[in-house]
Amino acid sequence: MRRFSGFAVAREAMRAHKGWGRQWDSPEPRSSYDVIIVGAGGHGLATAYYLAKEHGITNVAVLEKGWLGGGNTGRNTTIIRSNYLYDESAGLYDHAVKLWEGLSQDLNYNVMYSPRGVMMLAHNVHDEQVLKRHIHANRLNGVDNEWLTPEQAGEYCPPLNISKGARYPVTGAALQRRGGTARHDAVAWGYARAASARGVHVIENCAVTGIRRSGNGQVTGVETTRGFIGAKKVGVVAAGHTSVLMEMADVRMPLESFPLQALVSEPVKPCFPCVVMSNSVHAYISQSDKGELVIGAGTDQYTSYSQTGGLHILKDTLEAICEMFPVFTRMKMLRSWGGIVDVTPDRSPIIARTPVPGLYVNCGWGTGGFKATPGSGHVFAHTIANDNPHPINEGFTLERFTTGRLIDEAAAAAVAH
Amino acid sequence: MLLIHCPYCEEARPEIEFRHAGEAHIARPADIASLTDEEFSRFFFYRDNPKGITFERWRHLHGCARFFNAARDTVTDKFLVTYPAGEAKPDLVEAANENAKGAT
Amino acid sequence: MTASTATQPNRVDGAGRLTPANPVRFSFDGDTYHGLAGDTLASALLANDIHLVGRSFKYHRPRGILTAGPEEPNALVGIARGAARRQPNVRATVQEIHDGLDATSQNRWPSLTADVGEVNDWMSPVFAAGFYYKTFMWPKKAWDTVYEPIIRRAAGLGVAPDQPDPDRYAARYAHCDVLVCGGGAAGLSAALAAAESGASVIVCDERAAPGGALAFETDARIDGQDGHRWATETAAKLAAMDNVRVLPRTTAFGYYAQNFVALAERLTDHLDEPAPSMARERLWQVRAKRVVIATGAIERHMVFANNDRPGIMLASAARHYLNHYGVLIGRTVGVYTANDSAYAAAFDLKRAGADIAVIADIRDTVDPALLEEAGRLGIRVLTHHAVVAAGGKLRVSSIVVRPCRGGSRQVIPVDALIMSAGWTPSVHLFSQSRGKLRFDEDGRRFLPGEYAQDCASAGACNGAANLAATVEEGLAAGEAAAKAARPKATAKPLSIKAESGGSWDGLMLGAGPNPEAGKVVKAFVDFQNDVTEKDIRLAVREGFHSIEHVKRFTTNGMATDQGKLSNMHGLAIAAEALDRPIPEVGLTTFRAPYTPVTFGTIVGHGRGALFDPTRRTPMHESHERAGAVFEDVGQWKRPWYYPRAGEDMAAAVNRECVTVRKSVGMFDASTLGKIEVVGPDAAAFLHLIYTNPFMKLGVGRLRYGIMCREDGFIYDDGVVGRIAEDRFHVTTTTGGAPRVLNHMEDYLQTEFPEMKVWLTSTSEQWAVIALQGPKAAEVLAPFVGGLDLSKEALPFMSVAEGTFAGVPMRLFRMSFAGEDGFEINVPGDYGRAAWDALHDKVAEAGGCAYGTETMHVLRAEKGYIIVGQDTDGTVTPHDAGLSWAVGKAKDDFVGIRGLKRPDLAGGGRRQLVGLRSKDGSTVLDEGAQIVADPNQPPPMDMIGWVSSSYWSDNCGGPIAMALVEGGFDRMGETLYVPMPDGVVEVEVRDTNFWNPDAESDNG
């Protein structure tokens, strides 16, 4: 792998950048692999990378139906934070944030992790109680999160309306300074390049159509649009399509897939210094390096694989944005789009073995998977390599829906991911 | 915004009048107290989540307020048929033919 | 020449349609200019010979006006109407001028002609596509402190508004038989055909005037008259019909499921001084039985070195400026084309007095008729020649022309260059409707293929070859749509004859034959984002082979024009580099909106007070008059506390709390959810819905009930009164009212449909006053009719009907404070009168009104839970110490099975206990976490959290409730609450803080 650096860019500038090679190989699939990862989004590519890097398993293929990073990785609003309530969640997401902090250097790819601070707003007494519960739990878990008064919140984010006359005035905020954003495409490309450099095959335009098992139920490989490919282990990391893929191995999932929309504004000069989220006035917003305001909407109410949603959802979201930031009504929506998010009953992911030997699943990230990408890939690689979870993902099993030991961030916190 | 035909009001109305209510045809077991943990989990948490035709429940909340079922294609978001709660799953071939007739 | 045109050097007498020529004054970058009424900012600037209007995104290259329409990537300006009405990134080609229009160029400092950011252009060899992914990684910390801030400052275009928007925005919903998107020849024909058959029609067009391309195609004849005149008259005729609505300045920007189309109508941006009552923009949400898409086609530029110099523009745009606005864009104009339609532009410009320096046509063979006409006009045509470079910086000054096969270069001086590579059908709406595009190999363009919704495309967007075909397709589509929407209507088919010299072929895509390929130049594909041909080739070289990857890596097509000019070129260059056919490389998805739409348009009325409805109880004005401070609880405004002179919140709450227990207090409980449950099976139904037994509840008795979902966690709680054998009065939490009713309806309608029960929400029918305290009965008695308030006749937890001051009343004897007390339900309309009357008596008795905070403290003193505060969706009735409320003998209720799951039934549950701060003074923070060992390092082992915590004057100290692991077995244990400024020691105790030793018949 050609090393990326300012020096290399300068040298290439002298010769019209003719010297850059492919960032990842696009090989023909082998007849079999030690591990096949289904889904070349950020989580799947990260899993392959850590399998190679941490566990020395390099005979790995990542199969992608379309183009890598084309699912939720390339469609999300790139928010990163780890101020979750439960120990399990805080452990998982903070593991990810720690990896984010060194990810550009680790991958030799600038993923533009920008710890610009994530501020979650309170608008009433209940919000304050919930956010403070998070702050206290985070502090004891070693996760940064601090309380701001409305005035401090307004200082941290000048466009924020902290007027007491607002329909739902801001009564305070929880700020995680290490939270922020990253460049979503770069995450997928950086992992693909780094995994490829370690021998992993990233195979695009290769849809999995079946999961083959032996007589005793053990996974033996996958049927694909490019033929059968053998594998000792298969990890499904297919977000919204998880139910469809697991069905191929007769595994029914506690999942539902919903449309989730987002939008960006036209690019403007820097005017929004951080990430702001509000649960009561439901919306979240940040500004990208390009200058676009990046705004997330809620899910539509019905399950769907259409990657589209209703205009009224965007309307609700923009109403919330303009309520919190009345200076933005003249801003223009440039582009809107939809993704498919897979949601578990407790809104926490499943990173686990399955009832089928050799079949593993990493899913259920709902609306908040991007932030976990490095941590998710890291612990899922561990789970596949050892056929046993990493201590960090021990709680994120399928069994919890039988025992009742849920990790119910949504119920406990009433906070959007 | 979807346009949904309420089988009670016999009228197509905009989606904002309705509330989605999850997968249809999952009856609460009469002997729920005697289910195993596994059976209860399947009943309460596990879902088909198909890519294609789904059977789902809706409530015409801001209308007649009644629950009904629908068959909808989750790829196109097109409804094949809606029908009152309690009725058996309909014949979708017939429903498709009916739709085709209505479209001409 | 009039006085006004005297100052507009490029305005041509007798050309264009801006008559009468009413002068309009506007400013650009602080200088005042004149234009004419009807001008766009672009045409007015060009009339003043101003081509340079902006700077590009990345390289800060000087940029001019490229187009005459909404596809414009370059000429973006800021428009201000006072300090609060600043709009960034306005396309000068769309903005109509009005007196006093104030426009400013963007992305430059200190000035448009001398921009420091130009350093980026010199550095451009380094700044190739995606260079930032490869660098800025060392030292690690420098990314967010140094590199990123610099990149951010350089990026962006205009400046965001920094003041609240004083304008308002409107919204309309509409239904119609036929919606026609586009008011050009095809759209008007379709609208006419549909309207004549009686269908209800909406036709919209993004421009101020109808006609589309007819604005510049002066050789078009329709129905025997000039094309543009036909369009104007047809639009007027349509507008006069009762069944038609014509919407100018209205963009169909989004095509959603089931023929739901969103339109943005711009109402005031073109006016001198809009009346304050006018909305600025309006969102139309149209549900159409049929949609006709008649969105035309967009001309593409040629890709060659320095093709972005100001003065270089699309041929159709130059023709538009001349034929519609009477503006000649230059004196010595070069032409570079792969397409016949540029010839018409060249001929028009020549006839208007411009010198056409050359027509360079990359094609070998050209229609002899065109060559003949060129000859007649004295225009030199070089076939099979390419323009390989443009000279000049702030304005094009020359072009370099060379045979496509190579050969000698000719440098030709020009002051403008017009170009045409061909036409791209505007399939955006079709694609948004989820229709599948097909690649037309001959025309080198994507056209509508398989339809997914009830719509049809007509005209140039459908690949129509010429005007006659366009009108024919329009008529047919309109007629078919009307027939489909109204099968029974009959109408005679229309026939309109049309002809024109123009055609809108797809033709050349990508860079074309270039005798100087390989030379390091900037040949722009996407102008605004500074994406060059080389960038696209670099992306392919680096392995970005999907067109989506190419787009994301280079940012081609991601600027504010969303690739209307660049997408097809980019695709063709990528396909060529990959050596694969274009359809295999794919086309990026078209996403709404078609052109950018203000947030205000989408939000409409939903701002400020109308963002969300405010719910007020019938007694609200009395609370206001009493000086109450309110808190938001969902949509409700509830009195939080009633401060008296000099009191802060703590003082007011302490006074209210003590007053209730000493004498009497009254509280507005009207926000509680109320459901009337009626029918022969009402008791059996509640028996299933609540964990408590309900079959044996006597008439006239109350019961505190807990409701779970099937998972066994507390969902809601409330008091239920049995009014009659078959009638119950159910109360829910304030926030829970809608979901509890939904939950009950769900079970009633779908799981227990055989039960004869009817549910009616009565939340707003009853106003509720909680009257609490030792003097409650004494204060209430004078008002009550038909009831004996003695504890024998109306014992604790009972309900009776009577009158309050003559008004029907349901009286609950109950307390959420642990006192003797009542909840007085009167019809909502009498709520305020009852409150005021009662308040007088309460005051006389030394009592007071109290708010939600006091209600919270009083209930906490008794250890009563608030669902949503002391429970959080993970708490069972057993965890909350409410096992007594779970009917042990019941063989079924909602939640019975969920409660038995191993984790819910096992040990180690967090259980609700009381906490006493050992120092006797510290009020714990709600949400604070509890540990057994305060000396461990993070991550600490947290065993619980504080759910409720208050100062209680009644108890003489702080009180708190907490959910603690194994809490019921920890009574008397010392636990710790680590806070940032030290650890608070607490002792675990029961939750009944008030009068814990006395047996109270009110608890």
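Side chains included, hydrogens not; waters and symmetry mates left out as well; all remaining heavy atoms used. Note that this is a predicted model, so its numbers are computed, not measured. Just so it is clear: chains get the letters A, B, ... in the order the sequence lines come, proteins before strands, and each one is counted from 1.
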Student: Counting N and O atoms only, with roles assigned by atom type, does the side chain of C:R85 sit under 3.5 Å from a partner on the main chain of A:R330, one being a donor and the other an acceptor?
Tutor: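 Pair absent, no side-chain N/O of C:R85 close to backbone of A:R330.
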
Student: Between C:R152 and A:K290, is there a donor-acceptor pair closer than 3.5 Å when you use the side chain of the first and the backbone of the second?
Tutor: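 Here the side-chain-to-backbone pair does not exist.
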
Student: What distance do C:D632 atom CG and A:T171 atom OG1 have between them, rounded to the nearest 0.5 Å?
Tutor: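 Between C:D632 CG and A:T171 OG1, I get 9.0 Å after rounding to 0.5 Å.
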
Student: Check C:D903 with A:R400, please: is the shortest side-chain N to carboxylate O separation under 4.0 Å?
Tutor: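 No, this pair does not count.
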
Student: Side chain of C:R434, backbone of A:S306: donor and acceptor closer than 3.5 Å?
Tutor: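 Present.
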
Student: To the nearest 0.5 Å, what is the distance between CD (C:E548) and CG (A:D185)?
Tutor: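 One finds 9.5 Å between CD of C:E548 and CG of A:D185.
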
Student: Check each of A:K315, A:K332, A:M331, A:E319 against C:F599 using the side chain to side chain contact (heavy atoms under 4.5 Å, CB included) test, and report the only one that passes.
Tutor: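 Only match with C:F599 under side chain to side chain contact (heavy atoms under 4.5 Å, CB included): A:M331.
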
Student: Supply the atom-to-atom distance A:L140 CG to C:M979 CE, rounded to the nearest 0.5 angstrom.
Tutor: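 The CE atom of C:M979 is 9.5 Å from CG of A:L140, to the nearest 0.5 Å.
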
Student: What donor-acceptor contacts under 3.5 angstrom involve side-chain atoms of residues 107-115 of chain A, with partners at least two apart or in another chain?
Tutor:
residue : atom : partner : partner atom : Å
A:N108  : OD1  : A:F4    : N            : 2.7
A:N108  : OD1  : A:R193  : NH2          : 3.1
A:N108  : ND2  : A:F4    : O            : 2.8
A:Y109  : OH   : A:Q23   : OE1          : 2.7
A:N110  : OD1  : A:M112  : N            : 2.9
A:N110  : ND2  : C:Y132  : O            : 3.3
A:N110  : ND2  : C:T135  : O            : 3.0
A:Y113  : OH   : A:R178  : O            : 2.6
A:S114  : OG   : A:R116  : NH1          : 3.2
A:S114  : OG   : C:E148  : OE1          : 2.7
A:S114  : OG   : C:E148  : OE2          : 3.1

Student: I'd like to know if the side chain of A:R167 and the backbone of C:P613 have a donor-acceptor N/O pair within less than 3.5 Å.
Tutor: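 Such a contact is found between A:R167 side chain and C:P613 backbone.
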
Student: Identify the residue among A:K132, A:Q129, A:E128, A:R133 that makes a side chain to side chain contact (heavy atoms under 4.5 Å, CB included) with C:E926.
Tutor: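 By the side chain to side chain contact (heavy atoms under 4.5 Å, CB included) criterion, C:E926 pairs with just one of A:K132, A:Q129, A:E128, A:R133: A:Q129.
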
Student: Look up atom CG in A:L311 and atom CD1 in C:I602, then write down how far apart they are to the nearest 0.5 Å.
Tutor: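 Output value for this atom pair is 6.0 Å.
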
Student: Strictly by modelled atom types, are C:D925 and A:H136 linked by a side-chain donor-acceptor pair under 3.5 Å?
Tutor: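 Result is yes, a qualifying pair exists.
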
Student: List the steps, then state whether ring pair (Phe, Tyr, Trp, His ring centres under 6.0 Å) holds for A:W24 with C:H545.
Tutor: CA-CA 11 Å; A:W24 58 85; C:H545 292 181; 8.5 Å; no

Student: To the nearest 0.5 Å, how far apart are CD in A:Q105 and NZ in C:K140?
Tutor: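 One finds 5.5 Å between CD of A:Q105 and NZ of C:K140.
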
Student: At a heavy-atom distance under 4.5 Å, which candidate from A:G6, A:C322, A:A137, A:A16 has the highest pair count against chain C?
Tutor: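 Most heavy-atom pairs within the cutoff with chain C belong to A:A137.
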
Student: So what's closer than 4.5 Å to chain A heavy atoms on C:Q635: side chain, backbone, both or neither?
Tutor: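 Contact with chain A involves both backbone and side-chain atoms of C:Q635.
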
Student: Between A:Y168, A:F325, A:F272, who has the most heavy-atom pairs with chain C when the cutoff is under 4.5 Å?
Tutor: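 Answer, by heavy-atom pair count under 4.5 Å with chain C: A:Y168.
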
Student: Hey, are A:S336 and C:R591 close enough side-chain-wise for a donor-acceptor pair under 3.5 Å?
Tutor: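 Absent: no donor and acceptor within the cut-off.
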
Student: Rounded to the nearest 0.5 Å, how far apart are CG of A:L334 and CD of C:Q562?
Tutor: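 A:L334 CG to C:Q562 CD: 4.0 Å, rounded to 0.5 Å.
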
Student: Could you tell me which portion of C:D165 (side chain, backbone, both or neither) has an atom closer than 4.5 angstrom to a non-hydrogen atom of chain A?
Tutor: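 For C:D165, heavy atoms of backbone and side chain both lie under 4.5 Å from chain A.
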
Student: Where does C:V946 contact chain A at under 4.5 Å (heavy atoms): side chain, backbone, both or neither?
Tutor: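 It is neither, since no heavy atom gets under 4.5 Å.
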
Student: Please identify each residue that fulfils side chain to side chain contact (heavy atoms under 4.5 Å, CB included) with A:E146, with sequence neighbours left out.
Tutor: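 Partners of A:E146 under the side chain to side chain contact (heavy atoms under 4.5 Å, CB included) test: A:L148, A:L175, A:R177.
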
